[in-house]
2 protein chains.
Amino acid sequence: MEKKIRIGIAGYGNLGRGVEFAVGRCDDMELSAVFTRRSPEELRVASGTPVYSFNDIETFAESIDVMILCGGSKNDLPEQGPELAKKFNTIDSFDTHAKIPDYFEAVDASAKTSGKTAIISVGWDPGLFSINRLFGEAILPEGETYTFWGKGLSQGHSDAIRRIEGVKGAVQYTIPVDSAVEKVRSGSQPQLSTRDKHTRECFVVLEEGADKAEIEQTIVTMPDYFADYDTTVHFIDEKQLKEEHSAMPHGGFVIRSGKTGEASNQVMEFSLALESNPEFTSSVLVAYARAAYRMNKAGDTGAKTVFDVAPGLLSPKSAHELRKHLL
Amino acid sequence: MEKKIRIGIAGYGNLGRGVEFAVGRCDDMELSAVFTRRSPEELRVASGTPVYSFNDIETFAESIDVMILCGGSKNDLPEQGPELAKKFNTIDSFDTHAKIPDYFEAVDASAKTSGKTAIISVGWDPGLFSINRLFGEAILPEGETYTFWGKGLSQGHSDAIRRIEGVKGAVQYTIPVDSAVEKVRSGSQPQLSTRDKHTRECFVVLEEGADKAEIEQTIVTMPDYFADYDTTVHFIDEKQLKEEHSAMPHGGFVIRSGKTGEASNQVMEFSLALESNPEFTSSVLVAYARAAYRMNKAGDTGAKTVFDVAPGLLSPKSAHELRKHLL
């Protein structure tokens, strides 16, 4: 039997837990270690995998084939990505769109020097949605691409509400406007404003004595986050927030509408309906870990994105099996 | 300015005409020649591209970068694929599923010897649908994949009806059963029989004096083609057939429904709604021609399938542009 791919998890939050479950479903992988910045002895992980301090991570360079970076894009990855690519093949979900080119360069410099393979910005957006935007453009060059998100919980927008004084807790759902989606699917290539495409729905728990009307006004007029959208605010109590809004569903659509021949309408659509956003992202990270391992074995080193990875590298099946059963 | 990719079309039917239109929409390509087994002087092509006899095709080995094979899987490609890969980088849409492994080996032997790159079985199924089946399995290993086709015109089933004595003309539409698609989208992973997934609708023109009831019976009980489906037969006249059933729409869905974490349902879906099936297939062939050209330049020779092609190779944009604008 072939040797299993040895996976390490760097950071054990929602993503890390998702990776742990996803590796458990892959017969060709084993989870070797979890690294945390908390006290390792205080962290119990579901699979019983050994937990180590982040400070010791480099001593595992020889015993881990792919390190999956499960930290956040704002504070963790800008430092960890380039640092860990000096010792490991890595996968991360860096998703600060505007900073991707700089981040790529930093990780690439490390990975080229170390001879490692580092696939950045993996997940569903950036990730699978990006691949579908690319396919749409490449196959139907005369056309328009539309991305809709939701229905789903947006972490960034929920955080923005929580920072308002007088707010004790909050979640925000991004909701695609059905009529806009239908217009796009019809092939009519409509011009859609930000307000046309999505609405925002907020569920807010107030601190005692907070001013409802004022807080609602602060939310719906907040620039960048809410001002350009039709936003609805519901005030609920803490029990409701916990019971009804603890899940992390998400999803969305990438639709390419284009013309071929003289004037035939062609519509391509990729969509996701996810009960757990972090668990799905983790599952994508794990599939790309398999690709990183194989690309590194083949001498294909440096920083990569999903655009650089041939689909076959994601599957545990051989190229022959894939041609026979999936083509 | 970079040199344009010089494309040849081998076979000028619906697919060939679609390739001609699609190349016209790509700034980095030019159509160099069309090859036909008819008399070249009798064939006028829309773009005014020179037309040559298939017999002379090998003399163009130095002046064409990628030859797009637009013949059929039954009679043309089994011979042309291995033959033309001796002289050209090639793209084809070979879609006889059961024979793909043998066809791959034959084309691979030619292309390895000649140092050419030959991407076989390109299109939407096999092709884009195959890629989505692979992504689904690799990302959600615990789950089920469902492929639905339609609503669309099936050439094979239309031909089967036309072969019945007393039938003058016919078209057949494959129609996915809405309730089955909805069950799959819900994440419930239903068991579906052939009859549960699709219905078949036939529009038939009779020869004078043909027996309606007998022909209807012959159709609905035809093994492999119709016996396992709920099939409806409509008798129409020749004018209706021409006016209402000359288009070649098609499409369908690949849906992967799987579980992550402890029990979260996750649903991935890729769908196509095509006004012209051959024109869309042609557009896919042309995008993969770009990839074949680049892979060959990079020394990646032999037979390939869509599973071997990194998405970025399909786009005229640079890797840097793709990371900046599409990721």
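Chain letters run A, B, ... following the sequence lines, proteins first and then strands; every chain starts at 1. Below, all heavy atoms of this structure are taken into account, side chains as well, without hydrogens, waters or symmetry copies.
The shortest side-chain heavy-atom distance between Val107(B) and Pro82(B) falls under the 4.5 Å cut-off. Side-chain contact between Leu69(B) and Phe94(B): absent, with no pair of heavy atoms (C-beta onward) separated by less than 4.5 Å. Between Gln266(A) and Ser283(B) the shortest side-chain heavy-atom distance does not fall below 4.5 Å. With contacts defined as side-chain heavy-atom distances shorter than 4.5 Å, the pair Val66(B)/Ile5(B) qualifies. Counting only heavy atoms from C-beta outward, the side chains of Val254(A) and Glu269(A) never approach each other to under 4.5 Å. In this structure the side chain of Met29(A) never reaches within 4.5 angstrom of the side chain of Tyr293(A), judged on heavy atoms. Contact check for Phe135(A) versus Arg256(A): no side-chain heavy atoms found under the 4.5 Å cut-off.
Across every non-hydrogen atom of Thr301(A) and Lys112(A), the tightest pair is O-CE, 4.5 Å. Annotation for Ala247(B) and Leu153(B): closest pair O-CD1, 3.6 Å, computed over non-hydrogen atoms. In plain terms, the two heavy atoms of Tyr12(A) and Arg44(A) that are nearest each other are CE2-O, 4.4 Å. Taking all atoms of both residues into account, the shortest heavy-atom contact from Ala303(B) to Ala111(B) is N-CB, 4.1 Å.
The backbone N or O of Gly261(A) lies less than 3.5 Å from a partner atom in the side chain of Arg25(B), making a donor-acceptor pair. In this structure, Thr90(A) contributes its side chain and Ala118(A) its backbone to no donor-acceptor pair below 3.5 Å.
No other option in Lys324(B), Arg133(B), Arg323(B) has as many heavy-atom pairs under 4.5 Å with chain A as Arg323(B). Residue with the most contacts toward chain B among Asn265(A), Leu285(A), Leu322(A): Asn265(A) (heavy-atom pairs, distance under 4.5 Å). For the options Pro316(B), Ser282(B), Ser264(B), Ser121(B), heavy-atom pairs under 4.5 Å to chain A are most numerous at Ser264(B). When Gly258(A), Ser130(A), Pro249(A) are compared by the number of non-hydrogen pairs under 4.5 Å with chain B, Ser130(A) comes out ahead. Taking chain A as the reference chain and counting heavy-atom pairs below 4.5 Å, the highest number among Gly312(B), Ala287(B), Pro126(B), Ser271(B) is found for Ser271(B). Per-residue heavy-atom pair counts under 4.5 Å with chain B were compared for Ile255(A), Thr260(A), Leu313(A), and the maximum is reached by Thr260(A). Comparing His320(B), Lys317(B), Glu20(B), Arg290(B) by how many heavy-atom pairs each has under 4.5 Å with chain A, the most go to Lys317(B).
Only the side chain of Ile100(B) comes within contact range of chain A, judged by heavy atoms closer than 4.5 Å. Within the 4.5 angstrom heavy-atom criterion, only side-chain atoms of Phe104(B), from C-beta onward, approach chain A. At a 4.5 Å heavy-atom cutoff, the contact between Phe270(A) and chain B is made by backbone and side-chain atoms alike. Of the atoms belonging to Asp95(A), not a single heavy atom falls under 4.5 Å from chain B. For Leu128(B), the part lying near chain A is the side chain, with the backbone staying farther off; criterion is any non-hydrogen pair under 4.5 Å. Using a 4.5 Å cut-off between heavy atoms, Val284(B) touches chain A through backbone and side chain atoms alike. The part of Asn132(B) that comes within reach of chain A is its side chain, from C-beta onward, which places non-hydrogen atoms under 4.5 angstrom from that chain. Only the side chain of Thr305(A) comes within less than 4.5 Å of a heavy atom in chain B; its backbone stays farther off. Within the 4.5 angstrom heavy-atom criterion, no atom of Phe253(A) approaches chain B. Contact annotation for Leu272(A): both backbone and side-chain heavy atoms come within less than 4.5 Å of a heavy atom of chain B. At a 4.5 Å heavy-atom cutoff, the contact between Val306(A) and chain B is made by backbone and side-chain atoms alike. Proximity to chain A involves both the backbone and the side chain of Phe280(B), based on heavy atoms less than 4.5 angstrom apart. Contact of Ala273(A) with chain B is made through backbone and side chain together, with heavy-atom distances under 4.5 Å. Contacts between Ala263(A) and chain B at a heavy-atom distance below 4.5 Å involve the backbone alone (N, CA, C, O). For chain B, the nearby parts of Phe307(A) are the backbone and the side chain; heavy atoms of each come within less than 4.5 Å.
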- request: Would you please test Thr96(A) and Tyr103(A) for side chain to side chain contact (heavy atoms under 4.5 Å, CB included) and show each step?
  value: CA-CA 9 Å; Thr96(A) 312; Tyr103(A) 182 69; over 6 Å; no
query: Do Ile7(B) and Ile68(B) pass the side chain to side chain contact (heavy atoms under 4.5 Å, CB included) test, and can you show the C-alpha distance, the side-chain angles, and the key distance before you say yes or no?
result: CA-CA 7 Å; Ile7(B) 302 290; Ile68(B) 303 185; 3.8 Å; yes
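Of all residues in residues 138-152 of chain B, those placing a non-hydrogen atom less than 4.5 angstrom from a non-hydrogen atom of chain A are Ala138(B), Ile139(B), Leu140(B), Pro141(B), Glu142(B).
Rounding to the nearest 0.5 angstrom, the gap separating the CD atom in Glu275(B) from the NZ atom in Lys259(A) is 7.0 Å.
With Thr281(A) as the fixed residue, the side chain to side chain contact (heavy atoms under 4.5 Å, CB included) test singles out one of Asp125(A), Leu15(A), Val286(A): Leu15(A).
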